[in-house]
Every structure is written in structure tokens, then in C-alpha cells.
Amino acid sequence: MRGIRPFARNDAPAVARLYELVVRSGAASPPPGLAAYFERTLLDHPWADAEIPSLVIEDEAGEVVAFQGSHVRRARFDGQAIRIGCAGQLVAHPRVRSRGAGAQLVNAYLQGPQELTITDGATHTMRQIWTLLGGHMAHLECVSWSLVFAPAQLVAELFKPTQRRSMGPARRALAQFDGAAQRALQILLPPPWPRVVAESLNPATMLEHLPSIVGPLRLYLDYDRPYLDWLFRETAAVGVRGRLVAQLIREPRRRRILGWYVYYLKPGGSAQVLQIAVGERDAGAVIDHLLNHAYAGGAAAVRGRIEPRLLGVLGERRSLLQFSGAALVQADDHRILDAIASGQSLLTRLDGEWWMGHHLLGFSQP
């Protein structure tokens with residue numbers, strides 16, 4: 001193999017072929033829109049940073065055989081501007097895996113100039129590589145939470161559409177089971193707080209109210225309008241996850257902002273939470289509004305990632321917890337790691353690569 005070098009625009013078709021072969025369908029040719037997607041999300045987003053690039057490895061013939069995606073985020077730590085490197089797609093051709101191509105790319109990426117490196121989609125193998133290279137699991141963020149509304153419907157979601165249509169009497173039995181479960185849930189599910197109101201959250205209102213949410217925190221993303229416009233557009237485009245819902249929650253009389261939530265609403269399936277931004281004393285009101293909104297929208301369950309400041313509130317609501325091991329962090333400054341572990345940060349699924357659609361969308365259009 002040749003040495004590691006930065007990903008360039010003319011590498012996008014080769015990376016798309018590699019990703020399609022190894023991760024997606026196994027086909028030799030990718031759909032027409034996949035290369036453009038890599039260009040748009042790796043090179044053309046507002047915070048793209050040439051100093052923290054995506055990386056490729058070529059073989060002796062000049063073919064791209066390994067790739068590490070880089071999604072750069074701008075943040076504030078103790079008031080100072082820092083950069084976060086979000087390690088995204090990592091893929092290596094089968095013929096070079098035994099030569100450690102993936103580990104070489106991860107090692108090179110971790111040694112970049114960013115003050116913090118994160119990923120929220122790690123596999124077991126990735127965890128092993130990161131820990132050998134000095135990275136760590138973000139332990140609480142490695143736990144996912146879920147609250148199930150319709151257990152039988154959630155199980156049926158695992159079947160293919162053709163299988164669901166042929167279930168016949170079993171579907172009716174499942175529906176009866178879910179009816180009983182939901183009647184019990186009406187007793188267990190905390191009602192929405194009557195003294196809050198919801199408004200649409202957009203880039204402008206998020207920027208306006210961000211200081212009141214992150215004021216006491218040591219680490220948070222330094223959002224700006226161009227980045228948020230891009231982020232809202234890209235997350236909404238991953239329609240296979242559901243409809244993007246973003247709600248600002250406030251008190252109706254004093255108009256005090258309590259926080260907001262962003263999630264994918266998928267009727268009949270799992271509603272996936274991207275971000276809950278809230279102070280600790282108002283977490284219950286915001287989370288209860290989210291749960292009731294998803295329930296009313298027909299979601300079979302709500303799922304998200306544990307953030308340290310939300311653990312107690314989610315536990316009180318009988319959420320089911322499950323270890324995923326997907327959230328990894330690395331920083332030379334251990335104060336940054338301490339801020340994450342102690343709950344003095346706002347780093348959520350919205351801020352990483354978890355929501356992206358490179359392995360889900362069809363990309364049928366160039």
C-alpha cells in the first residue's frame with residue numbers, strides 16, 4: 001500500500017465504489033448519487049476543514065483501498081474555541097484488512113490537530129482499535145435508552161413488508177396485545193406538563209436561545225447559522241429514519257425557555273432522538289413533552305442515547321437501558337474528557353455522524 005493522504009474531490013467515485021462493495025450492497029458499482037453525497041457531506045459543508053481532512057490509502061496500482069471520513073465540528077471549551085474531529089465512515093477493502101489499513105487510518109486521524117476526536121457509531125472492532133491507540137469509551141453515552149409504547153408493533157417492524165402482509169391472524173393478535181399495553185401505558189406514561197408550550201425550532205431560534213441552555217456548561221458546539229442551515233437540511237433529508245421534528249419548549253406566561261428536542265418521528269416504528277437540550281431542573285418537562293408527542297404521532301417506541309445530565313430523569317420514567325459501546329472519545333487534554341464524563345457538556349447524536357444516511361439512502365439520483 002502507498003502512504004496515507006487527504007481525501008480529494010476526485011476520490012469521491014472511488015470511495016463510493018469501495019463503500020458500496022464493502023458496507024452497502026456488495027455490488028461493484030454504486031448508485032449514481034453516492035459519490036455526490038460524499039462530496040457534499042465531507043467537502044462542501046460549512047465547517048469543512050482542510051487541516052482535519054478525510055483520509056485515503058491507495059494500493060500500488062493507485063486504487064483507493066481504504067477510507068476514513070472526517071466530519072469537523074467547531075466547539076467551545078471553557079470559553080475557548082476548539083475543533084472536534086468526528087471520525088465517520090471507516091472502510092477497507094477485504095484484500096488489505098490483514099495489513100492493518102483501518103488501524104493505520106484511525107491512528108493517523110487521532111493524531112490530527114483537533115483538540116477532541118469523537119465517534120458515535122463504533123463497532124466492537126473499532127472500540128478495540130481506539131483503546132489500543134489511546135482512545136476511551138464515553139461510558140454513559142455508550143448506553144442507549146428506550147421507552148416502548150407498542151411492543152408487538154415494534155417486533156413486527158423487524159419483518160420485511162411482504163412478511164408483514166402475510167401475517168394475517170397474527171397481526172390481529174398483535175394489535176390486541178398492543179391495545180392492552182397502551183392502556184397500561186396511559187397509567188405509566190407521565191402526562192405532558194400543562195404549563196409548557198411547544199413552538200417550532202429552527203436554526204434562528206436555536207441560535208437565539210443557545211446561550212440560555214449552554215450557559216453553565218464547559219463544552220458545547222459553537223453553532224452558527226450556515227452550519228445549522230446545512231445541518232437541518234441534511235438531517236431532514238434522511239427520510240428513511242422518519243420525519244424530523246424539532247420543538248422549542250417554554251413556559252407560556254413568563255416565556256422562559258426550558259429547552260428543546262430534535263428527533264425522527266416514525267409512525268409504527270422507533271422514534272430516534274437526536275438531541276435533548278435542557279437544564280437539569282427542566283429536563284422532566286421537556287422529556288415528557290417529547291414522549292407524549294411521539295406517542296400521539298404513532299411511534300411504537302422512543303429511543304435515544306444517554307446523556308449524563310438526563311440519566312436520572314430517564315430512569316424515573318422507566319426507560320429501558322442497553323449497552324451499545326458506540327460512543328468513543330480521545331483528547332490529550334483530560335479536562336475535556338472530564339467535562340464529558342461529568343455531564344458538563346452538550347454533545348449529542350445531532351453533533352456526530354450517527355444520523356447520516358450513507359448506508360441507508362438509495363441515492364438513485366446523481
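If you're wondering where the values come from, they're calculated on a predicted model, not measured in any experiment.
- Side chain of Arg250 to backbone of Leu258: no donor-acceptor contact under 3.5 angstrom is found.
- Between the side chain of Ser25 and the backbone N or O of Ala27, at least one donor-acceptor pair lies under 3.5 Å.
- How far CD1 of Ile336 is from CD of Gln344: 14.5 Å, rounded to the nearest 0.5 Å.
- Once rounded to the nearest 0.5 Å, the distance linking CD1 of Ile249 with CG of Asp288 reads 10.5 Å.
- Heavy-atom minimum distance, Thr235 versus Tyr264: O-OH, 2.6 Å.
- Between Asp332 and Gln330, the shortest heavy-atom distance links the atoms OD1-NE2, 3.5 Å.
- Few gaps surround CD on Glu63; more than 12 heavy atoms of other groups in view lie less than 6.0 Å from it.
- The minimum heavy-atom distance between Gly362 and Arg24, with the atom names listed, is O-NH2, 3.8 Å.
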Item checked: Full working for side chain to side chain contact (heavy atoms under 4.5 Å, CB included) between Lys266 and Gln272 -> CA-CA 8 Å; Lys266 190 174 184 180; Gln272 296 284 353; over 6 Å; no
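- The distance from the CG atom of Leu231 to the OH atom of Tyr223 is 6.5 Å, given to the nearest 0.5 Å.
- Under a 3.5 Å cut-off, the side chain of Ser54 and the backbone N or O of Phe7 do not form any donor-acceptor pair.
- The side-chain heavy atoms of Thr117 and Tyr109, taken from C-beta on, include a pair separated by under 4.5 Å.
- Note: Ser342 OG to Leu337 CG = 10.5 Å, rounded to the nearest 0.5 Å.
- Leu55 CG to Leu105 CG: the interatomic distance, rounded to the nearest 0.5 Å, is 6.0 Å.
- Evaluation of the salt bridge (charged side-chain N to carboxylate O under 4.0 Å, His left out) rule for Glu280 yields no partner, not counting sequence neighbours.
- For the pair Cys142/Phe323, a side-chain contact is recorded, criterion being any heavy-atom separation below 4.5 Å from C-beta on.
- Side-chain contact between Leu320 and Leu147 is absent, with no heavy atoms from C-beta onward closer than 4.5 Å.
- Enclosure of atom CZ in Arg95 by more than 12 non-hydrogen atoms of other residues, nucleotides or ligands within 6.0 angstrom is indicated.
- With Ser144 contributing its side chain and Gln322 its backbone, the two residues share a donor-acceptor pair below 3.5 Å.
- Leu34 is connected to Leu42 through a chain of hydrophobic side-chain contacts under 4.5 Å among Ile, Leu, Val, Met, Phe, Trp and Tyr, so both are in one cluster.
- In this structure, the side chain of Ser70 engages the main chain of Ile52 through a donor-acceptor pair within 3.5 Å.
- Seen from the ring of Trp145, Arg349 does not count as a face-on cation partner, given the 6.0 Å and 45° thresholds.
- In this structure, Trp355 contributes its side chain and Gly352 its backbone to a donor-acceptor pair below 3.5 Å.
- Residues Gln114 and Ile84 form no side-chain contact, since every pair of their non-hydrogen atoms from C-beta on lies 4.5 Å or further apart.
- Residues passing the side chain to side chain contact (heavy atoms under 4.5 Å, CB included) test with Glu353 are His71, Cys86, Thr119, Asp120, Met356, sequence neighbours excluded.
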Check: Under the salt bridge (charged side-chain N to carboxylate O under 4.0 Å, His left out) criterion, do Asp229 and Arg233 qualify, and how do the steps go?
Finding: CA-CA 6 Å; Asp229 285 341; Arg233 184 172 61 251; over 6 Å; no
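- Ring-plane geometry between Tyr19 and His358 is classed as perpendicular, the angle between the planes exceeding 60 degrees on a 0 to 90 degree scale with a lower cut at 30.
- Using a 4.0 Å cut-off between charged side-chain N and carboxylate O, Asp11 and Arg5 make a salt bridge.
- One N or O on the side chain of Arg2 and one on the backbone of Glu60 form a donor-acceptor pair closer than 3.5 Å.
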Margin query: Assess the residue pair Ile82 and Leu219 against the criterion (side chain to side chain contact (heavy atoms under 4.5 Å, CB included)); give the C-alpha distance rounded to whole Å, side-chain angles, the decisive distance to 0.1 Å, and a yes or no.
Written below: CA-CA 10 Å; Ile82 67 169; Leu219 175 65; 3.8 Å; yes
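- Here the straight-line distance linking atom CG of Asn202 with atom CG of Leu228 works out to 9.5 Å at 0.5 Å rounding.
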Notebook entry, point to check: Given the rule in the side chain to side chain donor-acceptor pair (under 3.5 Å) test, do Thr125 and Gln128 qualify, once you have shown the distances and angles that lead to the verdict?
Noted result: CA-CA 5 Å; Thr125 301; Gln128 290 181 315; 4.6 Å; no
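- Note on Phe232: it clusters hydrophobically with Trp260, by side-chain heavy-atom contacts below 4.5 Å among ILVMFWY residues.
- The minimum heavy-atom distance linking Gly297 with Pro267 is given by the pair O-CG, 3.5 Å.
- Within the 4.5 Å cutoff, the side chain of Gln80 has no heavy atoms near those of the Glu115 side chain.
- The side-chain heavy atoms of Leu221 and Leu346, taken from C-beta on, include no pair separated by under 4.5 Å.
- Ile57 is connected to Leu110 through a chain of hydrophobic side-chain contacts under 4.5 Å among Ile, Leu, Val, Met, Phe, Trp and Tyr, so both are in one cluster.
- For the pair Arg241/Leu360, a side-chain contact is recorded, criterion being any heavy-atom separation below 4.5 Å from C-beta on.
- Connection of Tyr261 to Ile257 is not established within any shared hydrophobic cluster, with ILVMFWY side chains joined at heavy-atom distances below 4.5 Å, either directly or through further cluster members.
- For His293, the ring pair (Phe, Tyr, Trp, His ring centres under 6.0 Å) partners are Tyr263, not counting sequence neighbours.
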Next item on the list: Apply side chain to side chain contact (heavy atoms under 4.5 Å, CB included) to the pair Arg218 and Arg335, showing each step before the final yes or no.
Entry: CA-CA 10 Å; Arg218 300 181 65 191; Arg335 296 177 303 163; 4.1 Å; yes
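- Contact detail for Leu328 and Ala122: the closest heavy-atom pair is CD1-CB, 3.5 Å.
- In the hydrophobic clustering of ILVMFWY residues, with side-chain heavy atoms under 4.5 Å counting as a link, Leu350 and Trp47 come out together.
- Contact between Arg281 and Arg256 at its shortest, heavy atoms only, is NH2-NH1, 3.2 Å.
- The closest donor-acceptor contact from the side chain of Arg97 to the backbone of Ala92 lies under 3.5 Å.
- Looking only at atom types and distance, the side chain of Thr205 has no donor-acceptor partner in the side chain of Glu208 under 3.5 Å away.
- No donor-acceptor pair under 3.5 Å is formed between the side chain of Arg73 and the backbone N or O of Asp222.
- Between the side chain of Gln104 and the backbone N or O of Arg99, at least one donor-acceptor pair lies under 3.5 Å.
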Notebook entry, point to check: Can you list the steps and then say if Glu307 with Ile276 is a side chain to side chain contact (heavy atoms under 4.5 Å, CB included)?
Noted result: CA-CA 9 Å; Glu307 312 297 337; Ile276 299 173; over 6 Å; no
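- Aromatic rings of Phe363 and Tyr37 (six-membered ring for Trp) have centroids within the 6.0 Å cut-off, being under it.
- Side-chain contact between Glu20 and Pro31: present, with at least one pair of heavy atoms (C-beta onward) separated by less than 4.5 Å.
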